[in-house]
Each structure stands twice: as structure tokens, then as C-alpha cells.
Amino acid sequence: MSHAAVSKKDSMNTIREYSIPLLAGIAVALVWANLDQAGYNRIINGGFLGRLSVGFIANDIFMVFFFAIAATEITRSCIPGGDLNPPRKALNPLCATFGGVLGPVTIYLCLNHLFGAPSLTKGWGIPTATDISIGWLVARIIFGSRHPAVSYLLLLAIVDDAIGLAVIAIFYPDPSAAFEPVWLILVCAGMIAAWVMRWQQVKSYWPYILCGGLLSWIGLYRSHLHPALALVFIVPFLPHRARESKHIFEENKRDRSPLAVFEHQWKGIVDMGMFFFGLANAGVALSSMGCITWLVAASLFFGKTSGIFLFGALAAKKGYHLPHGMALKDLFVVALVGTIGFTVSLFIDSVAFAPGIIQDQARMGALLSLLFAPIAVGVARLMGRRKTLSVRNPTISLT
């Protein structure tokens, strides 16, 4: 490979790793919406080619692949050698994840009871999510690339997103249409088709996606559940290696299984396509602040920080230790980084509330969580936390 080709590849990797497409989409959306709110809404939410719109393509089609990539990471983590196998290996970060969900939900519901309104109650799911890509970026800035706290945070964020998928599927059906469970037969049919293809040792991931994924998408869409979850039910059936030899977000170039090839070929597309997700979901007027803005922001900052830290520390006290090389002060910094609940928080907001002032105010709360990133960096510096390369191959093991 030529020097120019290597440089171009490195530049593209840098753009992806630093979440530049997503941040660029957010910036464009904010500027556009605040200069021309009517024009922004007309382009993003207005239909073209029938019922299609930029928002529909971003949230109902593109996000299928975003959640599919998350499902590949969860699947990899659950097979032998992965960070979630055996379960005891990851009990501490799993406990912290549970605290990171329970904490913000509790804070949100309590604050809403004291200062909010019954109409805002269904927003409780918005602050449960931890942003994977931005959280990973901030953790690398604080700890460096090889500290075990980075893997700890990634595992926490991925399991957090898995819980978010369940929250969306169970608690946020389409509010404009009644749930029609009969259509879920198609989701089951898609899973059966994927199982049959795996049994027949189909080596390309495309039949799984085109057949099983399409059946699943139609089933969810027609049943009035969110179709972005379509491939979550199909990805676990993709053939994979019997044992995982890499950790979260680490690529094994020798692994040519359908699961690995799918992740390798689509992860870059998803990373770059996050521009359109940011563009379609971050366009709110900066004046769009209300009670729910502060409910979401406070629940993320106080609920997630306390939940992750307290549950992680309690698990360590009960004998489920933190990874080797990670101290309680590192856990506290990880808890602060975990308060960045942007991408999935915006997505949950889009299904929790109908378009309008309440949805915009809730989105502003999720946007404000980006400000927690410099706070986490600042607190880490005050605590004397510096980058380290001391751990050569960080894992979530207890040894």
C-alpha cells in the first residue's frame, strides 16, 4: 500500500474515531434550526417520495445498522473469550451498568414528581443511555488507549445500549398507532430464516440481512414497534468464531466469519453516516429549554454518576473486583464519562414524545450532556489522573 493510501486511511480512521461526522451533523443542525427553523423542519420532517423523509431514513433505516453494530459487539462479548463470558468475569461493570440505569430513572421520576408534570413521566427512558462513541473518545483523552478503564467504560456502554434496546422495544411502541402483535410473526420468521441459513452454513452475511432482516423490519414496522431494532434479532445468528480473541472495538483481521465481516464492512459506514443522524435529531432552537430539559440533564449527571460509582464500588466491596490496574478514583471518572448520554438518548426521545416543544426541550437536555465531557476531563486532571500505557492488553477479567 502506498504512503498516500496509508495517509488517507489514517485520516479516515481519525475522522471516525473522533466522532467528527456526528459532531458535524449536530453543529449543522443547530445552526440551521436556529437560523431557519421552518426550513429545517420542512426538509428534515417533510415527506418526499411518498412517506419518506430525512428523519425517517435516519431514524428508521440508518439506525437499523447502528443498533446492528451494537448487537455485533454484544454477541462477540458473549461468546467464549469475550468480555461477558463467563458472566462472573464482568460482574463489576455489569453491576455498575445496572446502577447507571437505575440511578437516572430514580432521579428523573423523583424530580418529575416534585417539579414536573404527569405528561413528562414517559421521558424516564431518555437519561438511561450512555453514548458509546463520544464516551470512548473522552475516556481515551483521559486515560490513554490501553488503560483498563477504557474497556470497562465500553463494556458498560454497550450493555447499557442493550438495555436501551429493550426499553425502546417494550416501553416505547408507536404512540400514533395501536400495537398489533400478529405482525411479530414476521420477526419470528426472520429469526427462523437466519437460523436455517446458519444451519446450512451460509458464509455470506447478505442473505441473513436481506431475508431475515427485511422480514424483521417489516414485522416491527407493521406491529408499530420501532423498526430500527430489526437486525438486533438477526445479528446473533450470523456465524462467528467459536472463541473470541479480541476485546471490545478491537478488530481481528484474521477473523473472516460472517459476523466479523459484517462488522468490519459496516462499522465505517455507520460511523460516517452518524452525520445524518445528528443532522436529523439535533436541530432544536437554543431557546428550547423547559422543565424536562433540566430533568434529563440532572438525571444524567447526578443519577448516572452516583449509580455507576456506588454500584461498582459496592460490587468491588462484595468481592467482584475492579479490573487489575483500575482504582476507585478511576471508577468515579468513568462514572462521570458515563453521563454523556447523547446518541441513544436522542433516539429514545424521538420515540418517547411526538414532535413538538416537549420533544425539543428533552433533546436539549440530551445535548447538554455533551458539556459533561469537559467536566469529566477537568475532574480527572484535578484528581491527578493522567494517561497511562501501563496495561498492555486491558481486559475485564478479575485477575
Side-chain angles (χ1 to χ4, degrees), residues 49-53 55-79 82 84-85 125 158-159 161-242 256-267 269-270 273 277 344 347-348 350-352:
L49 297 177
R51 297 183 60 184
L52 290 179
S53 66
F56 179 85
I57 293 172
N59 292 328
D60 291 45
I61 298 177
F62 169 75
M63 289 301 283
V64 170
F65 295 94
F66 173 86
F67 287 119
I69 293 299
T72 64
E73 298 294 345
I74 295 167
T75 301
R76 286 179 52 203
S77 295
C78 289
I79 64 179
L84 287 175
N85 189 296
I158 287 172
V159 178
D161 277 4
I163 295 173
L165 300 183
V167 167
I168 294 169
I170 298 170
F171 297 102
Y172 294 107
D174 188 343
S176 63
F179 175 48
E180 297 185 25
V182 67
W183 286 99
L184 294 180
I185 293 174
L186 288 182
V187 179
C188 295
M191 296 171 68
I192 292 172
W195 176 81
V196 170
M197 284 183 278
R198 178 168 178 160
W199 179 55
Q200 292 292 327
Q201 299 183 350
V202 175
K203 297 301 183 183
S204 170
Y205 68 79
W206 280 109
Y208 297 86
I209 303 304
L210 294 177
C211 180
L214 185 59
L215 285 171
S216 181
W217 192 93
I218 294 173
L220 290 172
Y221 183 77
R222 297 291 293 181
S223 66
H224 305 298
L225 297 175
H226 209 288
L229 306 179
L231 288 180
V232 171
F233 300 99
I234 305 302
V235 164
F237 291 98
L238 292 177
H240 50 71
R241 291 175 57 145
R256 303 303 300 169
S257 67
L259 181 72
V261 173
F262 171 78
E263 182 180 22
H264 172 72
Q265 293 184 353
W266 280 92
K267 189 176 186 305
I269 297 173
V270 168
F277 175 81
V344 179
F347 190 80
I348 295 176
S350 71
V351 298

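This structure is a prediction, so every number in the text was calculated from the model and none was measured. Position 1 is the first residue of the sequence, and the numbers go up from there.
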Visitor: Can you list, pair by pair, the side-chain donor-acceptor contacts under 3.5 Å of residues 202-212, counting residues two or more places apart and other chains?
Guide:
from	atom 1	to	atom 2	distance (Å)
Ser204	OG	Trp206	N	3.3
Tyr205	OH	Gln265	OE1	2.6
Tyr205	OH	Trp266	NE1	3.1
Tyr208	OH	Met197	O	3.3
Tyr208	OH	Arg198	N	3.3
Tyr208	OH	Val202	O	3.1

Visitor: Determine whether Phe65 and Ile269 make a side-chain contact, defined as any pair of heavy atoms from C-beta on separated by less than 4.5 Å.
Guide: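 They are not in side-chain contact.
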Visitor: So, taking the atom named CZ in Phe237 and the one named CG in Leu231, what distance separates them when rounded to the nearest 0.5 Å?
Guide: 12.5 Å
Visitor: Decide yes or no on side chain to side chain contact (heavy atoms under 4.5 Å, CB included) for Arg222 and Leu186, but give the supporting numbers first.
Guide: CA-CA 9 Å; Arg222 297 291 293 181; Leu186 288 182; 5.6 Å; no
Visitor: Would you say the side chain of His224 lies within less than 4.5 Å of the side chain of Glu180, judging by non-hydrogen atoms?
Guide: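 Yes, their side chains come closer than 4.5 Å.
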Visitor: In the structure I gave you, are the side-chain heavy atoms of Glu263 and Arg76 within less than 4.5 Å of one another anywhere?
Guide: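 Side chain of Glu263 against side chain of Arg76, heavy atoms only: contact under 4.5 Å found.
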Visitor: If I compare all heavy atoms of Phe233 with all of Ser216, which pair ends up nearest, and what's the gap?
Guide: CD1-OG, 3.9 Å
Visitor: For the pair Phe66 and Phe277, name the ring-plane relationship: parallel under 30°, tilted 30 to 60°, perpendicular over 60°.
Guide: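 Plane angle under 30°, so parallel.
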Visitor: Write down the atom of Ala228, the atom of Phe347, and the distance for their closest heavy-atom approach.
Guide: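 That would be CB-CZ, 3.5 Å.
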Visitor: Kindly give the heavy-atom pair with the smallest separation between Leu220 and Leu229, and that separation in Å.
Guide: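 Minimum heavy-atom separation between Leu220 and Leu229: CD1-C, 3.8 Å.
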Visitor: Locate the shortest heavy-atom distance separating Val232 from Pro236; write the atom from each residue and the value.
Guide: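 Nearest pair, atom of Val232 first, then Pro236: O-CD, 3.2 Å.
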Visitor: So how far is it from Thr72 OG1 to His240 NE2, rounded to the nearest 0.5 Å?
Guide: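 The NE2 atom of His240 is 11.5 Å from OG1 of Thr72, to the nearest 0.5 Å.
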Visitor: Might you point out which heavy atoms bring Arg256 and Val261 nearest each other, and give the distance in Å?
Guide: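 Shortest heavy-atom contact: O-CG2, 3.6 Å.
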Visitor: Measure the spacing between CD1 of Ile185 and CD1 of Ile192 and express it to the nearest 0.5 Å.
Guide: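 It comes to 10.0 Å.
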Visitor: What is the minimum heavy-atom distance between Tyr172 and Val351, and which atoms define it?
Guide: CB-CG2, 3.7 Å
Visitor: With heavy-atom distances below 4.5 Å as the criterion, would you say the side chains of Leu259 and Val235 are in contact?
Guide: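 Yes, close enough: below the 4.5 Å cut-off.
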